[in-house]
Amino acid sequence: MEKKYLFSPGPTMLPPEVLLKMAEPIMHHREPEFEKIFAEIRQGLKYLFQTKNEVLIFTSSGTGAMEGAVSNLLSKGDKALVVRGGKFGERWGEICKAYGIEFIPVDVEWGKAVDPARIQEILKSDPSIRAVYTQASETSTGVKHPIKEIAEIVKGYENTVIVVDAITGIGVFDIPMDEWGLDAVVSGSQKALMLPPGLAFAALSDKAWKFVERSNLPKYYFDFKKELKSSKKNQSSYTPAISLFVGLRESLNLIRKEGIEAIFLRHEKLARATRAAVNGLGLELYAPDSPSNAVTAVKIPEGVDGEKLKDLFFEKFGITVAEGQDRAKGKIIRIAHLGYYERLDMVMVISALEMLLKEMGYGFELGVGLKAAEEVLMK
Ligand SMILES: Cc1ncc(COP(=O)(O)O)c(C=O)c1O
């Protein structure tokens, strides 16, 4: 018998309630029935993003919303600052480059969070910077960046916005958009929103909408102004992924039912248990100082083949974990716990980790990781 489990930081496992809704016969997106669903989704997304402003929805993967957050906010000749502490920080830079936007990279050692003082220093010395691009949770390294602190700094610059890739942050830990004064927050469906890949989200502050007004970079599909107009009529500009929207209404209902505060606490507990297990096993965290509650990056111990470990997870247990990317390839595995996960899911994946490490010759006493995790999970 074979069962499959996703412990990758996207796509993630899905609740049966959402799966069932998506299996219903498809409807037409210009019918009143769909508009009603759209209206509910708009409210649910505002609750999740903690904003009074509209959250735009695009049928694309999360990168689409990232691209839109460059092409809609900036204008020819604008300069940006990009926090590069992993694969997804690099992506902000690549998008800027594709649009001919000059950017100053703030390179951060992988596994570390950015020091906000470095951003302050650069903004002070170069007032021509129009946007600061960063991740809330850098999925490739398992790091959480200090968004609140960065936002405090950017607030002091009238002509600069802070743009946050919260693709593995939204619905995982607290990122109160309006309260912190975040100007743009983007996310994607296949993470804590408990949906398949295929939807991207972008929410903008009033300040950011002023940037959109003057933006003259080329754009077509990811045109925020156009999408806002459609959204306010409970429509999308183009044919949306209808079944995903239907699923989204359901996942947002589940999110509301649990409540975001409870959701943040659940993620914190699962993440702390995973980190405790790692420490209990005598392994090291890749991001010990500022770990994200979305995903735990674990250093592969000496003598263990990291890629093989990842492969064995799937071969022996049907479990997908993520390996390291680029410079972290073979050096880490990443165990995700964002979205539809609860305590016993973590017990399972930690147990699998123990069995595999044992087989691969890593020396430890079976059960020490589980014990450490259970002690956290029982509290
Ligand atoms: C932090 C972060 N940013 C961006 C992306 C890219 O999203 P997508 O693959 O949906 O385009 C991901 C996906 O893993 C991510 O985790």
Side-chain angles (χ1 to χ4, degrees), residues 6-14 49 55-71 82-98 108 110-114 132-147 150 162-173 175 182 184-203 221-222 240-241 244 247-248 251 267 271 286-287 290-297 310 320-326 328-329 332-339 341:
L6 284 175
F7 282 89
S8 55
T12 58
M13 289 198 276
L14 307 182
F49 279 65
V55 183
L56 305 177
I57 313 164
F58 293 95
T59 291
S60 81
S61 82
T63 304
M66 291 176 75
E67 176 163 344
V70 172
S71 63
V82 169
V83 174
R84 285 199 309 199
K87 272 301 278 181
F88 297 108
E90 286 171 7
R91 188 162 301 177
W92 278 131
E94 286 157 12
I95 297 169
C96 284
K97 190 162 169 248
V108 182
W110 281 36
K112 296 262 170 12
V114 67
V132 173
Y133 289 95
T134 182
Q135 271 62 42
S137 163
E138 174 50 83
T139 319
S140 62
T141 60
V143 161
K144 178 181 174 179
H145 286 307
I147 296 304
I150 301 170
I162 171 169
V163 182
V164 182
D165 164 1
I167 289 180
T168 53
I170 283 290
V172 177
F173 50 87
I175 310 173
L182 308 178
V185 176
V186 301
S187 197
S189 55
Q190 77 277 25
K191 312 285 182 176
L193 272 98
M194 306 182 286
L195 287 169
L199 296 179
F201 308 97
Y221 183 78
F222 297 102
L244 290 185
L248 174 59
S251 70
H267 281 89
Y286 191 59
S290 182
S292 166
N293 287 343
V295 57
T296 298
K310 185 222 161 222
T320 300
V321 294
E323 58 188 335
Q325 297 166 284
D326 278 358
K329 199 171 170 69
I332 58 172
I333 55 158
R334 292 171 297 145
I335 300 170
H337 26 68
L338 76 163
Y341 294 81

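Counting convention: from 1, in listed order, for ligands and their atoms alike. Source: prediction; values computed, not measured.
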Inset, instruction - Evaluate the side-chain hydrogen bond (donor to acceptor under 3.5 Å, both in side chains) criterion for residues Ser8 and Thr320: first the C-alpha distance (whole Å), next the side-chain angles of each, then the deciding distance (0.1 Å), finally the verdict. - result: CA-CA 6 Å; Ser8 55; Thr320 300; 6.0 Å; no

Inset, instruction - Answer yes or no: is there a side-chain heavy-atom contact under 4.5 Å between Lys87 and Thr139? - result: no

Legend entry - Any donor-acceptor N/O pair, His145 side chain to Val114 backbone, under 3.5 Å: yes

Inset, instruction - May I ask you to check whether Tyr341 and Phe7 place their ring centers less than 6.0 Å from one another? - result: yes

Inset, instruction - May I have all residue pairs that pass side-chain hydrogen bond (donor to acceptor under 3.5 Å, both in side chains) and include part of residues 55-69, sequence neighbours excluded? - result: Thr63-Arg91, Glu67-Tyr99

Legend entry - Sidechain N-carboxylate O distance under 4.0 Å for Arg334, Glu323: no

Legend entry - Within the protein, residues bringing a heavy atom under 4.0 Å of ligand 1, chain by chain: Ser61, Gly62, Thr63, Met66, Phe88, Arg91, Ser137, Thr139, Asp165, Ile167, Thr168, Gln190, Lys191

